[in-house]
Participant: 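First the structure, then my questions, so here it is.
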Amino acid sequence: FGYSVSKHFHKRKEGSMDLFLSALKLTKLKEAFKEEDFNDPSDLANISLEELNEFISECGIKLKLGEKSRLRKAWKEIKAKGSWTPPDAKTNLPVVKPEPKPEPKPEPKPEPKPTLQPSTVTLDEGLIIALKELRLTKFTEGLSDRKIWSAYTEGNPSIQTLLGITKAERKKIYTSAGMKPGHVIKIERFLQEQKDGGMVDIEDKKGCYYICDMKLSEVKGKFGKGKVGLGSDLGFKNKKMSTIGGNFVKKGIGMYPPSNGKVSINMELPKSARSLHGVLQGRVDIDASQRGSCTGKGLVFSIANRQGTLFTSNPIKKKGSGQDFMVKWGPSLGHIIQLSVECKSLNFNAPAIWVNPRFIPYEDELMPIVSPINPV
């Protein structure tokens, strides 16, 4: 889009956003627009009114009612015409007031029908796998009763859900699902072995391979900020990765996708692990040290090999709303692990983090459950 009306506004001329904000008397938004890569007024044509209102709310700068009105009015003109005419370039025409039209009488709104929720919930994949390894799958049906989880989560019950409530509350869930004391001891011992923000480690004597220590062979896509962060490095501003509660991540991967964009990296399993069967395990989230949130569908994480996608996360919009993952891996899947993060909306300073992702090999038919090795 361009600006043909005013001599001050030309197609994507450097500084055109500064002139735009000056004309609207909104120069206080200069840094906020620059941070979100709004370098030209025409960039505003690519966002919806909902996303514009979200930006006004999240930019961290308090705008007066008149300032918000001027910004929305300019956005509507850009959206409709593909360009914006500054006030000093408009012709002063006499204002003709239209005759007032009688306001139509509002039609009575129908009474909303109550939405009936299903009586069952779908357990998170990580919890399902844990029940299988603990040989407690016969309680899956009982744990799928929506009533026993209603006070603790509105989503899919997960291992993280159990860790977020008290032992007494967990006991009520176990009892409602029909578990006996011996079953309760087994699952509580399992939860006690939690590490790294609520993820269960399962390892055999060979230990695990942290993905951040593997060879980075390819980077696809343009990062919104910085570069790939490995270990504890977030990837920009010399920041350290952290999760809710101030827990720093020691063996993570930081990726900052651009708004409405996607970034991917390929990591190579070491030769010593390529003949092994095991699982890829970890957690995905938004870094807690940043003022981060996403509009729309938020961030979507995925794990793939060269043949296809093996894991896709739920949309994650705010820090602390992450998701655990556990994906089976073996020699038939190759040695390239592709990690991707896609932002399907505006990204308001929300760096994506993979919390201590690793490949955990196992030899037996059932994956053994042992104490984890702390990242170093």
Side-chain angles (χ1 to χ4, degrees), residues 119-208 210 243-245 247 249-251 277-285 311 320-329 355-376:
S119 59
T120 60
V121 293
T122 302
L123 302 181
D124 181 79
E125 184 181 2
L127 181 53
I128 292 174
I129 293 176
L131 291 173
K132 179 180 178 181
E133 304 313 322
L134 292 170
R135 299 186 181 184
L136 297 175
T137 52
K138 63 182 179 181
F139 300 107
T140 302
E141 184 176 350
L143 289 171
S144 299
D145 187 348
R146 181 179 295 276
K147 292 180 181 178
I148 66 177
W149 298 100
S150 59
Y152 313 117
T153 179
E154 296 179 356
N156 299 340
S158 65
I159 296 171
Q160 191 66 29
T161 306
L162 289 172
L163 289 171
I165 60 180
T166 65
K167 188 174 182 179
E169 290 170 331
R170 289 199 298 270
K171 189 174 180 180
K172 290 181 182 179
I173 292 175
Y174 303 148
T175 303
S176 299
M179 290 186 182
K180 302 298 182 183
H183 305 132
V184 173
I185 292 173
K186 186 183 289 188
I187 195 169
E188 280 295 308
R189 184 187 298 130
F190 177 78
L191 293 176
Q192 191 64 37
E193 294 171 348
Q194 294 295 308
K195 290 289 180 181
D196 307 328
M199 296 178 299
V200 180
D201 281 290
I202 49 176
E203 299 180 11
D204 63 5
K205 60 185 179 181
K206 294 183 179 179
C208 67
Y210 286 97
T243 58
I244 290 294
N247 299 315
V249 179
K250 297 179 180 180
K251 291 287 188 179
H277 292 270
V279 292
L280 301 178
Q281 187 186 22
R283 182 173 177 81
V284 295
D285 209 334
F311 163 78
S321 61
Q323 179 181 352
D324 298 337
F325 66 84
M326 186 184 292
V327 180
K328 287 188 177 181
W329 191 276
V355 182
N356 302 333
R358 60 266 200 207
F359 171 63
I360 305 170
Y362 63 91
E363 292 179 347
D364 301 329
E365 182 180 353
L366 290 176
M367 293 177 285
I369 301 169
V370 300
S371 299
I373 298 175
N374 293 326
V376 293

Participant: Cut-off 3.5 Å, no hydrogens considered: what does the side-chain donor-acceptor table look like for residues 137-145, sequence neighbours left out?
Facilitator:
from, atom 1, to, atom 2, distance (Å)
T140, OG1, T137, O, 2.8
S144, OG, T140, O, 2.7
D145, OD1, K147, N, 3.1

Participant: Sequence neighbours left out, what pairs pass side chain to side chain donor-acceptor pair (under 3.5 Å) with at least one residue falling in residues 162-175?
Facilitator: T166-E169, R170-E188, Y174-E188
Participant: Could you tell me which non-hydrogen atom of P361 sits nearest to which non-hydrogen atom of C208, and how far apart they are?
Facilitator: CD-CA, 4.2 Å
Participant: Quick check for you: to the nearest 0.5 Å, what is the distance between I187 atom CD1 and L127 atom CG?
Facilitator: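 Spacing of CD1 (I187) from CG (L127) equals 6.5 Å.
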Participant: Which value, rounded to the nearest 0.5 Å, describes the distance between Q323 atom CD and D285 atom CG?
Facilitator: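 Here the rounded value is 10.0 Å.
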Participant: My understanding is that only residues two or more places apart in sequence, or in another chain, count here; which of them pass side chain to side chain contact (heavy atoms under 4.5 Å, CB included) with T161?
Facilitator: W149, Y152, T153, S158
Participant: Give, for atom CD1 of I159 and atom CD1 of I128, the distance between the pair rounded to the nearest 0.5 Å.
Facilitator: 10.5 Å
Participant: Looking at K251, is its backbone amide N or carbonyl O close enough to the side chain of N356 to form a donor-acceptor pair, meaning the two atoms are under 3.5 Å apart?
Facilitator: yes
Participant: Which distance, rounded to the nearest 0.5 Å, do you find between the CZ of R146 and the OG1 of T122?
Facilitator: 8.5 Å
Participant: F311: which residues meet the ring pair (Phe, Tyr, Trp, His ring centres under 6.0 Å) condition with it, sequence neighbours left out?
Facilitator: F325
